[in-house]
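Some notes on the structure that comes next.
Every number for a ligand or one of its atoms is a count from 1 in the order of the listing.
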Amino acid sequence: MAMQLKVPSIVCDGCADTITKAITELDSDAKVNVNVETKEVSTETSASESAVREAITAKGHTVE
Ligand SMILES: [Cu+2]
């Protein structure tokens with residue numbers, strides 16, 4: 001399913017890479033788009049929103 005998450009802890013492209021990896025580790029077919037300026041993560045994945053939130057949090061980021 002498609003989801004949009006606000007991740008205020010994103011500050012640079014490195015964060016974007018970390019988050020992209022966190023989601024593709026859950027679902028290798030996931031499409032992930034991270035907007036560093038707006039700190040928004042858009043993803044299209046078969047993983048649940050709670051699993052995605054947990055994966056991002058596990059990398060040290062904060063999901064709003
Ligand atoms: Cu960063």
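With respect to Lys21 and Glu25, no salt bridge is recorded, no charged nitrogen being found less than 4.0 Å from a carboxylate O.
Although no hydrogens or angles enter the test, the distance criterion places no donor-acceptor pair under 3.5 Å between the side chain of Ser28 and the main chain of Thr24. A side-chain donor-acceptor contact under 3.5 Å links Lys6 to the backbone of Thr38.
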Mind running side chain to side chain contact (heavy atoms under 4.5 Å, CB included) on Thr57 and Thr62 for me, showing each step along the way? CA-CA 6 Å; Thr57 306; Thr62 311; over 6 Å; no
Apply side chain to side chain donor-acceptor pair (under 3.5 Å) to residues Thr45 and Thr43 and explain how you reach the verdict. CA-CA 6 Å; Thr45 174; Thr43 182; 5.1 Å; no
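Remark: Arg53 CZ to Ile23 CD1 distance equals 11.5 Å, nearest 0.5 Å.
Around the Cu ion (ligand 1), the protein atoms of type N, O or S that sit closer than 2.8 Å are Cys12 SG, Cys15 SG.
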